[in-house]
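Each chain gets a letter, A, B and so on, in the order its sequence line appears, and its residues count up from 1.
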There are 2 protein chains.
Amino acid sequence: MDCSEKVCFNMLMRPESPTFSPLYRQIKNLMLNALESAEWRPGQAIPSEQELALRFNASQGTVRKAIDEMAAENLLVRKQGKGTYVASHNDPRALFRFLRLVPVDGDLAHPQSVPLDCWKAKAGNEAARMLGVELGAPVTILRRLLKFAGRPVVIDEIYLPGEIFHGLTMEVLQGAHGSLYSLFESRFGVRMIRAEERIRAVAADRMTSESLGVAEGTPLLSVERVTYTYGDRPVEWRRGLYSTAEHYYLNELS
Amino acid sequence: MDCSEKVCFNMLMRPESPTFSPLYRQIKNLMLNALESAEWRPGQAIPSEQELALRFNASQGTVRKAIDEMAAENLLVRKQGKGTYVASHNDPRALFRFLRLVPVDGDLAHPQSVPLDCWKAKAGNEAARMLGVELGAPVTILRRLLKFAGRPVVIDEIYLPGEIFHGLTMEVLQGAHGSLYSLFESRFGVRMIRAEERIRAVAADRMTSESLGVAEGTPLLSVERVTYTYGDRPVEWRRGLYSTAEHYYLNELS
DNA sequence: GAGTGGTCTAGACCACGGT
DNA sequence: CCGTGGTCTAGACCACTCA
């Protein structure tokens, strides 16, 4: 039986089977594949619930539940009366979706990303572990400044697997507008969907203090981020140093 | 018509009405009331979906959708085959639900809360604003240490509205086991459901450095938290100073 | 076995966006 | 007007828990 697209009948996935999962989750997985294989691209509409129900041989309600979960995970965006769309970092509302830094004086203007350096290297011990690549595998490293209202607030050092981000250069960075992730998505087909941040307090070293315009030794937030794409594959490791004189890191707990 | 319990028929809540909301959301609100009024208490089971469907005069599916949302917000916990329960900070898995600090060496032992001080005062400017009370209103202030594996890592200063936490003393604190929030829930009937944290990097002052056993001037995380109970009422304001020598603040972004 | 939540279906109607 | 997602219903069957 062809299980590549049509969902295998429940009989094949019943509790006896160790790989059992409910129908809506099997459908969700097939839809994740469609995203990962770029059958459905960021910003585009996916087929209607009716069409998907036919394609997956299930009821509309079941497809709906799969879409619900994916919408809750910010993978899809529903628009009543229009359709369901693949989420995109180009969407103005998602431009700096992972940035939690907020100005003390509620100045909502978007920050500006200023590339400083970009070079190729071989993955060291830590980078290899974080990115899940071999020791010595090619990586691209870039440094950039984040400015709020023209003033530098964050300096980032970003490690990317060279395989995936082949052709990333200063020219490309300087020609880009918007966030890095929208560039990654448009130009390299890599969509960031989830991240983990590990935060510490550190003292500014000489170089950093100059870049951020603060005194040497000033306490800064050290924010290490590992970012994942579909299938929980890590595709970015970065370390940011945040000046919190006029900004704070805002986190909602629930 | 009596709208106090039975859901008003849809006719009364149709789009023409400015207060329109779908039936499952009206039901959700009624269920929130049941939580807020302590009709259903933390740790206890709420009525079955069938019973609720009868009570609210809706189908099981609609009640289900209301419960789904509340479960997603960590207000309720579903247990297949048993029932749906009101979430509780006494639940071992939720004991330090809002604490994001993690040891570098994955030591999963729960931290220990050590009360230092507890006194009454009048709300100053900032406390009044954060807690949404009048300037000069009674507040209870407490300071405590959080220890991981016996070593102090966090020092907290916590502001509570005196009205709500009447009778909170050092004796009560010392007699408590588990987290502060489980004490607040059991003893004062206040359930914390959501919080916002604002994080900065600061240098340890003299007193703090001694409490945490670090050098004066060491960079620390300053974590200001406002915590809300049902109806988005702020009921706690605290400032924590976190030593990040052997721990980090972990945040999942999605 | 009785009762609970979990999944799946089929069909009705509504609200919204575009033609 | 049509097609989209959003809500609501009624009923069937499954999986889990406990007495």
Side-chain angles (χ1 to χ4, degrees), chain A residues 6-31 40 43-72 75-87, chain B residues 6-31 40 43-72 75-87:
Chain A
K6 300 287 182 200
V7 170
C8 301
F9 286 120
N10 289 340
M11 299 315 296
L12 298 183
M13 284 294 202
R14 269 328 186 196
E16 305 84 39
S17 164
T19 57
F20 167 73
S21 71
L23 185 52
Y24 73 87
R25 227 171 257 285
Q26 298 174 42
I27 291 175
K28 183 182 170 187
N29 278 331
L30 292 174
M31 293 177 65
W40 302 332
Q44 293 181 345
I46 70 171
S48 75
E49 297 181 351
Q50 273 302 341
E51 288 177 271
L52 291 172
L54 289 177
R55 167 163 161 182
F56 296 133
N57 194 30
S59 77
Q60 192 194 10
T62 302
V63 169
R64 202 173 169 70
K65 188 149 183 176
I67 296 179
D68 279 344
E69 283 201 359
M70 297 173 73
L75 298 176
L76 299 176
V77 179
R78 294 174 170 289
K79 296 185 185 174
Q80 182 172 127
K82 299 188 66 177
T84 302
Y85 294 77
V86 181
Chain B
K6 300 286 182 201
V7 170
C8 301
F9 286 120
N10 289 340
M11 299 316 296
L12 298 183
M13 284 294 202
R14 268 330 184 195
E16 305 85 39
S17 164
T19 58
F20 167 74
S21 71
L23 185 51
Y24 72 86
R25 226 170 258 286
Q26 299 174 43
I27 291 175
K28 184 182 169 186
N29 278 331
L30 292 175
M31 293 178 65
W40 303 333
Q44 292 180 344
I46 70 172
S48 75
E49 296 180 352
Q50 273 302 340
E51 288 177 272
L52 290 172
L54 288 177
R55 167 162 160 182
F56 296 133
N57 194 32
S59 77
Q60 192 194 11
T62 301
V63 169
R64 202 172 169 71
K65 187 148 183 177
I67 296 178
D68 279 344
E69 283 201 0
M70 296 173 73
L75 298 176
L76 299 176
V77 179
R78 295 173 169 289
K79 296 185 186 175
Q80 182 172 130
K82 299 187 68 176
T84 302
Y85 294 76
V86 181

Which whole-number value in Å describes the distance from B/E69 CD to D/dG6 C1'? 12 Å
In this structure, how many angstroms lie between the C1' atom of C/dT4 and the CD atom of B/Q44, rounded? 18 Å
Would you say A/Q60's side chain and A/A53's backbone share a donor-acceptor pair under 3.5 angstrom? no
Nearest to the side chain of A/T62, heavy atoms from C-beta on, is which of C/dT9, C/dG18, D/dT4? C/dT9
Rounded distance (nearest 0.5 Å) linking atom CG of B/L75 with atom OG1 of B/T84: 12.5 Å
Rounded to whole Å, please give me the gap between CD in B/Q50 and P in C/dT4. 8 Å
In this structure, how many angstroms lie between the P atom of D/dT7 and the CZ atom of B/F56, rounded? 18 Å
What is the distance, rounded to the nearest whole Å, between atom CD of B/E51 and atom P of C/dG5? 9 Å
Let's see if you can work this out: which of C/dG6, D/dC8, D/dG5 has an atom nearest to the side-chain heavy atoms of B/Q80? C/dG6
Can you identify which nucleotide, out of C/dC8, D/dG5, D/dT4, has its nearest atom closest to the A/R64 side chain? D/dG5
For A/D68 and C/dG6, give me the distance from atom CG to atom P, rounded to whole Å. 15 Å
N or O in side chain of A/R78 less than 4.0 angstrom from D/dG6 OP1/OP2: yes
Between CG on residue A/N29 and CZ on residue A/R25, distance to nearest 0.5 Å: 8.5 Å
Rounded distance in Å - CD (B/E49) to P (D/dC16): 17 Å
Given D/dG6, C/dC8, D/dC8, which nucleotide is nearest the side-chain atoms of B/L23? D/dC8
Of the candidates C/dG17, D/dG5, D/dT7, the side chain of B/Y24 sits closest to D/dT7
Just how far, in rounded Å, is P of D/dC14 from CZ of A/R25? 21 Å
On the nucleotide C/dG18, are OP1 or OP2 found under 4.0 Å from the side-chain N or O atoms that A/K82 carries? yes
If only side-chain N and O atoms of B/K65 are considered, is one of them under 4.0 Å from the OP1 or OP2 phosphate oxygen of D/dC8? no
Measure the CG-CZ distance between B/L52 and B/R55 for me, rounded to the nearest 0.5 Å. 6.5 Å
Answer yes or no: is there a donor N or O on one side and an acceptor on the other, between the side chain of A/Q44 and the main chain of A/V86, under 3.5 Å? no
Are any of A/S48's side-chain N or O atoms less than 4.0 Å away from OP1 or OP2 of D/dG3? no
